2 protein chains.
Amino acid sequence: MRANTRFTEAIQILCLIALKKDNMPTSDHIAESVNTNPVVIRRIFKNLKDAGFIAVKRGIGGTYLLLKPNQITLFDIYCAVEDEDKRAIFKFHEGLNSKCIVGSHIEEVLKDSFTRAQNAMENELRQVTLENIIEQIKINK
Amino acid sequence: MRANTRFTEAIQILCLIALKKDNMPTSDHIAESVNTNPVVIRRIFKNLKDAGFIAVKRGIGGTYLLLKPNQITLFDIYCAVEDEDKRAIFKFHEGLNSKCIVGSHIEEVLKDSFTRAQNAMENELRQVTLENIIEQIKINK
DNA sequence: TGTGAATGTAACTTTATTTGTTACATCTGA
DNA sequence: TCAGATGTAACAAATAAAGTTACATTCACA
């Protein structure tokens with residue numbers, strides 16, 4: 001399949017919304033910045049709405065934040081756009097041979113190490129807020 | 001695309017080789033434990049050979065370890081079967097709008113946080129050796 | 001109250017990538 | 001030499017993300 005870019009796109013969408021309070025950006029405006037189709041943006045809107053991060057106005061259009069940027073971490077955003085299965089870094093082949101000592105135990109044995117690695121990654125994402133990202137963008141600007 | 005299972009398969013292959021010193025397992029034997037095609041196993045053999053972990057005997061067939069299980073970490077195995085691009089957890093959409101403040105800076109700004117998260121994950125993989133995994137399999141047996 | 005511009009969403013296509021499979025050249029110990 | 005293995009190319013199948021089209025629905029405003 002293609003590389004999954006929903007997470008970084010979601011971050012970019014939230015930055016655009018946070019930085020443009022006056023003219024609330026529409027899916028068309030955002031799609032231009034991300035270089036994709038407006039429908040792709042609207043699909044991510046749905047995830048961000050469900051997570052309680054934004055509100056989207058029908059009819060007139062536009063979006064705004066429901067939380068302050070310092071209340072949203074990168075991990076929160078990650079969870080909003082990818083379910084637990086998708087967030088798992090390491091996957092197992094299906095149908096491991098249960099008659100084989102290795103095949104029947106490897107998944108259980110590796111699960112521990114994999115969980116630790118996954119948690120370490122996620123804890124780093126928890127350390128960074130949307131506000132941190134926005135500040136960096138302003139500095140670089 | 002499909003879920004990438006090469007990493008877990010490589011670990012399983014190395015466990016099978018480490019645990020069967022007498023009758024060195026062939027790609028056919030291993031394929032049965034992993035539940036896949038022997039060619040898939042041979043493709044991973046190539047990565048493990050290139051990394052210096054195993055030797056594969058042509059003609060007669062079979063494989064054996066060139067390093068001790070305590071000299072190979074999960075991170076080493078990860079690197080052997082996935083190049084750097086594939087190991088990257090987070091990907092960016094291509095063609096971000098360079099005329100937009102967010103589009104032109106987001107990748108650079110996020111890179112820092114993403115690198116930290118990636119490193120945290122990889123450091124956990126460095127803590128676990130093939131020997132640790134094999135011991136756990138024996139205990140569970 | 002009609003209109004224009006936006007969102008919500010279904011349905012389908014395109015593209016990318018992994019795994020599975022077939023086939024066959026090559027190798028090696030007995 | 002031969003039986004059984006690996007090495008590898010080439011192609012098919014499966015899967016999933018992103019792109020696209022289409023259209024119903026919504027809402028501020030003239």
Side-chain angles (χ1 to χ4, degrees), chain A residues 1-10 12-13 16-17 20 23-50 54-64 78 81-96, chain B residues 1-10 12-13 16-17 20 23-50 54-64 81-83 85-96:
Chain A
M1 67 183 152
R2 279 192 202 175
N4 184 333
T5 55
R6 292 164 54 76
F7 178 40
T8 46
E9 281 163 31
Q12 187 172 351
I13 290 168
L16 285 164
I17 295 173
K20 293 198 181 173
N23 54 335
M24 301 183 298
T26 66
S27 58
D28 266 57
H29 298 149
I30 293 174
E32 215 171 310
S33 172
V34 177
N35 185 37
T36 187
N37 192 293
V39 174
V40 173
I41 302 301
R42 282 181 225 144
R43 286 202 273 245
I44 297 176
F45 274 180
K46 181 166 168 43
N47 295 133
L48 300 178
K49 274 192 307 182
D50 289 349
I54 65 171
V56 181
K57 288 199 163 186
R58 300 196 64 169
I60 181 69
T63 53
Y64 56 93
Y78 196 38
V81 296
E82 305 285 1
D83 64 25
E84 202 173 342
D85 275 6
K86 296 278 171 55
R87 294 201 299 274
I89 305 170
F90 312 110
K91 327 262 181 183
F92 291 92
H93 193 92
E94 294 197 341
L96 299 184
Chain B
M1 68 182 156
R2 278 191 203 175
N4 184 332
T5 54
R6 292 165 54 77
F7 177 41
T8 47
E9 280 162 32
Q12 187 172 350
I13 289 169
L16 286 164
I17 295 172
K20 292 198 181 175
N23 54 336
M24 300 183 298
T26 65
S27 57
D28 266 57
H29 299 149
I30 294 174
E32 214 171 311
S33 171
V34 177
N35 186 38
T36 186
N37 192 293
V39 174
V40 172
I41 302 300
R42 283 182 225 144
R43 287 202 274 244
I44 297 175
F45 274 0
K46 180 164 169 45
N47 295 134
L48 300 177
K49 274 192 307 182
D50 290 348
I54 66 171
V56 182
K57 289 199 162 185
R58 299 197 65 169
I60 180 70
T63 54
Y64 55 93
V81 296
E82 305 285 3
D83 65 24
D85 275 7
K86 296 277 171 55
R87 294 202 298 276
I89 305 169
F90 311 110
K91 327 262 182 185
F92 290 92
H93 193 91
E94 293 197 341
L96 299 185

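In what follows, every chain begins at residue 1, and chains take the letters A, B, ... in the order their sequences are listed. Note that the structure is a prediction, hence the values are computed from the model and not measured.
Contact annotation: B:H93 side-chain N/O to D:dG19 OP1/OP2 distance is under 4.0 Å. Side-chain nitrogen and oxygen atoms of A:T26 include none within less than 4.0 Å of the OP1 or OP2 phosphate oxygen of C:dA5. Regarding contacts with the backbone of D:dA18, every side-chain N or O of A:T36 stays at 4.0 angstrom or more from both OP1 and OP2.
Using a distance-only test at 3.5 Å, with no hydrogens or angles considered, a donor-acceptor pair links the side chain of A:K91 to the main chain of A:D85. A:D28 contributes no side-chain N or O that, together with a main-chain N or O of A:P38, makes up a donor-acceptor pair within less than 3.5 Å.
Of the two residues near DNA chain D, A:V39 and A:R6, the one whose nearest nucleotide lies more 5' is A:R6.
Residues B:Q12 and B:S33 have side chains that bring a donor and an acceptor to within less than 3.5 angstrom of each other.
Nucleotide D:dA18 holds its C1' atom 10 Å from the CD1 atom of A:I44, rounded to whole Å. Rounded to an integer number of Å, the gap from CZ of B:F92 to P of D:dA17 is 19 Å. Rounded to a whole Å, the CG atom of B:N47 is 12 Å from the P atom of C:dT18. If you measure from atom NZ of A:K46 to atom C1' of C:dT7, you get 12 Å, rounded to the nearest angstrom. Rounded to an integer number of Å, the gap from CD1 of A:I17 to P of C:dT7 is 10 Å. To the nearest angstrom, C1' of C:dG8 lies 15 Å from CG of A:L48. Rounding to whole angstrom units, CD of residue A:E32 and P of C:dA6 are separated by 12 Å. Following rounding to the nearest Å, A:I13 (CD1) and D:dA18 (C1') show an atom-to-atom distance of 13 Å.
Shown are B:K86, B:E82, B:E9; of these, the side-chain hydrogen bond (donor to acceptor under 3.5 Å, both in side chains) with B:N4 is made only by B:E82.
Across all strands, B:K86 comes closer than 4.0 Å only to sugar-phosphate atoms, never to a base (heavy-atom distances). Using a 4.0 Å heavy-atom cutoff across all strands shown, B:N4 reaches sugar-phosphate atoms only and no base atom. In this structure, B:K49 reaches the sugar-phosphate backbone alone: every heavy-atom distance under 4.0 Å involves primed, P, OP1 or OP2 atoms, never a base.
Across D:dA18, D:dT6, C:dT21, the shortest atom-to-atom separation from the side chain of B:V56 is found for D:dT6. In the set C:dT22, D:dG19, C:dT19, D:dG19 carries the atom at the smallest distance from any side-chain atom of A:V40.
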**Asked** side chain to side chain contact (heavy atoms under 4.5 Å, CB included) between B:L16 and B:H29: does it pass, once the steps are laid out?
**Response** CA-CA 9 Å; B:L16 286 164; B:H29 299 149; over 6 Å; no
**Criterion side chain to side chain contact (heavy atoms under 4.5 Å, CB included) on A:T63 and A:V56, from CA distance to verdict** = CA-CA 4 Å; A:T63 53; A:V56 181; 3.7 Å; yes
**Message:** Counting primed atoms plus P, OP1 and OP2 as sugar-phosphate and everything else as base, spell out the protein contacts along nucleotides 24-30 of chain C at 4.0 Å heavy-atom distance: B, S or - for each nucleotide, 5' to 3'.
**Reply:** --BBB--
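Ring pair B:F90/A:Y78 is perpendicular by interplanar angle, where above 60° counts as perpendicular and below 30° as parallel.
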